[in-house]
Amino acid sequence: MPGLVPGIHVLKTCKRHDVDGRDEPGHDGEWGGMTADNDAELIEAGRKLFAGDWRFAYAAPSIETLPPMGPLEIAFAGRSNVGKSSLINALTGRNALARTSHTPGRTQELIFFEGPPAGHLRLVDMPGYGYAQAPKSKVAAWTSLIHKFLLGRASLARVYVLIDSRHGLKEVDTDILKTLDKSAVSYQLVLTKTDQVKPAELAGCIETTRAALAKHPAAFPEVLVTSSRSGAGMPELRAAIMRLLGERRS
Ligand code: GDP
């Protein structure tokens, strides 16, 4: 099933750059300049950056307590329990950098991680959304924090919106996509826990998700296919981040 090779999804979708510095989705034919060699270089550069020393840097419970802007930031958003902490741990090769939790909704802060200083990059673990059992006032506060951060953070270079491949896109995800459409941030969907679904089911989920993305022209049209458990899609996700860093610095 060639469409399920994660590298193909990542490496074909992150190349064009429009005049205001924002990445833009496009067609495969427009990516002409990239070669397998470039891809291999990015994968190796990504491996090196994420093999470095990644540490917890800040926790911000409110928009007023955000750390000063500095390095470029890449945020990970998604419903509670989507596998966000696990993805950040898998990306950085750590078991416990981000807390993995069996209690949905426990993470209520924006958590910032920093890597080796030369990487000039922060990862941001956003509060999980869509946790039905939490008190309404708390949900409203987290939702407001998420939306304000997505709309108002100049150093935010990309948002990866995680979707559980067993469940697909839900209404709360669509709310986040609508906010991202209004922001200047490039974003892409990432299917998680793909080790848990059969290939045919996964193919269906990819198709449905892609079709839904047609209503969101600001999003990359392709989805990333990952599993933190098997490591699938991690080298490609790291490479996509390296490409973004390269584009932003050039
Ligand atoms: P978060 O609330 O979004 O941070 O989600 P967590 O990373 O804490 O993961 C929630 C649950 O899903 C935990 O029980 C994880 O072990 C499990 N999980 C996360 N990623 C994967 C994956 O790729 N495969 C499988 N099978 N389980 C996963």
Side-chain angles (χ1 to χ4, degrees), residues 4-7 9-10 50 54-61 73-113 122-135 138-139 141-143 145-147 149-150 158-177 180 187-206 209 223-238 240-241:
L4 297 185
V5 178
H9 296 307
V10 176
F50 285 97
W54 283 84
R55 292 168 282 105
F56 165 83
Y58 304 92
E73 291 165 347
I74 301 223
F76 296 85
R79 300 172 74 212
S80 354
N81 218 36
V82 71
K84 218 159 19 68
S85 308
S86 303
L87 187 89
I88 291 171
N89 287 339
L91 204 58
T92 53
R94 300 297 169 102
N95 287 333
L97 180 65
R99 280 180 312 192
T100 52
S101 151
H102 294 278
T103 315
R106 201 175 74 175
T107 311
Q108 299 156 27
E109 300 167 314
L110 290 157
I111 313 278
F112 293 76
F113 301 104
R122 281 179 185 156
L123 304 180
V124 187
D125 186 0
M126 302 193 66
Y129 51 79
Y131 179 44
Q133 278 106 315
K138 275 198 164 181
V139 172
W142 302 341
T143 308
L145 175 61
I146 292 169
H147 287 254
F149 182 75
L150 295 178
R158 176 161 304 157
V159 179
Y160 288 106
V161 181
L162 277 48
I163 307 292
D164 192 324
S165 60
R166 299 170 306 175
H167 308 310
L169 264 179
K170 301 283 179 196
E171 207 178 322
V172 275
D173 298 313
T174 308
D175 290 344
I176 294 290
L177 304 192
L180 283 164
Y187 70 98
Q188 186 165 21
L189 300 195
V190 177
L191 294 179
T192 62
K193 307 189 191 181
T194 57
D195 58 288
Q196 293 289 292
V197 293
K198 297 200 172 87
E201 215 180 307
L202 180 56
C205 181
I206 293 171
T209 312
V223 297
L224 303 182
V225 179
T226 69
S227 161
S228 300
R229 186 158 294 178
S230 73
M234 294 304 145
E236 292 81 6
L237 181 51
R238 293 185 197 114
I241 293 172

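For ligands, and for the atoms within them, numbers begin at 1 and follow the listed sequence.
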Do Tyr129 and Asp175 meet the criterion of a side-chain donor-acceptor pair at a distance under 3.5 Å? no

Under 4.0 Å from a heavy atom of Gln196: give me the atoms of ligand 1 that qualify, with their elements. 26 (N)

Using 30° and 60° as the class boundaries, would you call the ring planes of Phe76 and Tyr160 parallel, tilted or perpendicular? parallel

Does ligand 1 have any atom that is closer than 4.0 Å to a heavy atom of Asn81? yes

Which option, Ala77, Gly83, Ser85, owns the non-hydrogen atom nearest atom 4 (O) of ligand 1? Ser85

Using heavy-atom distances, let me know which of Ser80, Ala232, Ser86, Ala98 sits nearest atom 7 (O) of ligand 1. Ser86

Among Thr226, Asp195, Val197, Thr192, which one puts a heavy atom closest to atom 24 (N) of ligand 1? Asp195

For the atom pair CG (Leu189) and CD1 (Ile176), what is the distance rounded to the nearest 0.5 Å? 11.5 Å

Give me the one residue out of Thr209, Thr226, Leu162 that meets side chain to side chain contact (heavy atoms under 4.5 Å, CB included) with Leu191. Thr209

Ser227 near ligand 1, heavy-atom distance under 4.0 Å? yes

Are any of the side-chain nitrogens in Asp164 or Arg79 under 4.0 Å away from the carboxylate oxygens of its partner? no

